[in-house]
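Here is the structure we will look at, set down as structure tokens.
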Amino acid sequence: MTDRDPPFALRVLAAVRRIPVGRVATYGDVAAAAGRPRAARAVGNIMRECRRPDVPCHRVIAAGGRLGGYGGSEALKRSLLIAEGIEVSGARIRALERVRWKAPQSNARHSRRRLKN
DNA sequence: AATCTGACTGTTG
DNA sequence: CCAACAGCCAGAT
């Protein structure tokens, strides 16, 4: 149809809002949930701007369970996560796969051409 | 339309 | 584990 996807930023914010308390998602996970599995970097840029209280941006972490950024206060991000019951060891989320949130599989959207082959 | 930016990610040494 | 590099992306200039 003529309807186009809503702005990527909006879809990202919507996805982040769906992350349950006590769970986390990597920038890549959020990008995938927003329909752009390779747009992790773009997600980071959006998070940087997002200061909405209704968006739990502290639950968005970097790949490998690393904390990632948080307006320069990653110590605060760490505290918020721990306060939700997430185990954090140094700058690493422990047992990431156990608290990692994944958006439910959605029907293929546009099918990004995965290059030939 | 071209270029720059950066809360990213995977690979390589 | 850390640093350098390269690939990838959407939004702002």
### Message
Using the rule given for side-chain contact (heavy atoms from CB on, under 4.5 Å), can you reason through Tyr27(A) versus Arg41(A), listing the C-alpha separation, both sets of side-chain angles and the distance that settles it, and then say yes or no?
### Response
CA-CA 7 Å; Tyr27(A) 293 98; Arg41(A) 204 168 199 175; over 6 Å; no
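- Cluster partners of Leu81(A), by chain and number: Val24(A), Ile61(A), Leu67(A), Ile82(A), Ile86(A), Val88(A), Ile93(A), Leu96(A), Val99(A). The rule joins Ile, Leu, Val, Met, Phe, Trp and Tyr whenever side-chain heavy atoms lie under 4.5 Å apart.
- Rounded to whole Å, atom C1' of dG11(C) lies 14 Å from atom CZ of Arg36(A).
- Listed by first and then second residue, the salt bridge (charged side-chain N to carboxylate O under 4.0 Å, His left out) pairs that reach into residues 91-103 of chain A are Asp29(A)-Arg100(A), Asp29(A)-Lys102(A), Glu87(A)-Arg98(A), Glu97(A)-Arg100(A), sequence neighbours excluded.
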### Task
Before giving the answer on side-chain contact (heavy atoms from CB on, under 4.5 Å), spell out for Arg36(A) and Val43(A) the whole-Å C-alpha distance, their side-chain angles and the decisive distance to 0.1 Å.
CA-CA 10 Å; Arg36(A) 292 286 181 287; Val43(A) 169; over 6 Å; no
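- When heavy atoms are screened at a 4.0 angstrom cut-off, Tyr27(A) is found touching base atoms of the nucleic acid.
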### Task
Start with the C-alpha distance between Asn45(A) and Glu49(A), add both sets of side-chain angles, then the distance that settles side-chain contact (heavy atoms from CB on, under 4.5 Å), and finish with yes or no.
CA-CA 7 Å; Asn45(A) 289 338; Glu49(A) 282 294 304; over 6 Å; no
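- For the pair Asn45(A) CG and dT13(C) C1', the interatomic distance rounds to 14 Å; values are reported in whole Å.
- Here the side chains of Trp101(A) and Arg18(A) are in contact, with some heavy-atom distance below 4.5 Å.
- For residues 51-65 of chain A, every residue pair satisfying the salt bridge (charged side-chain N to carboxylate O under 4.0 Å, His left out) rule, not counting sequence neighbours, is listed here: Arg17(A)-Asp54(A), Arg59(A)-Glu84(A).
- If you check every strand for non-hydrogen atoms under 4.0 Å, Ala31(A) touches nothing.
- For Arg38(A) and dC9(C), the CZ to C1' distance is 11 Å, given to the nearest whole Å.
- Checking side-chain atoms of Lys77(A) against main-chain N and O of Val60(A) turns up a donor-acceptor pair under 3.5 Å.
- If you walk DNA chain B from 5' to 3' and mark each nucleotide with an atom closer than 4.0 Å to a heavy atom of chain A, the marks span dG6(B) to dG10(B).
- If you take OG on Ser79(A) and CD on Glu74(A), they are separated by 11.0 Å, rounding to the nearest 0.5 Å.
- Near DNA chain B, meaning a heavy atom under 4.0 Å from it, residues 59-67 of chain A has Ala62(A), Ala63(A) in order of number.
- A donor and an acceptor atom sit less than 3.5 Å apart, one in the side chain of Arg41(A) and one in the base of dG7(C).
- In the hydrophobic clustering of ILVMFWY residues, with side-chain heavy atoms under 4.5 Å counting as a link, Val55(A) and Phe8(A) come out together.
- A pairwise comparison of heavy atoms in Ala62(A) and Thr26(A) identifies O-CG2, 3.8 Å as the closest pair.
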Give every pair of a protein N or O atom and an N or O atom of nucleotides 2-5 of chain C that lie under 3.5 Å apart, one pair per line with the distance.
none

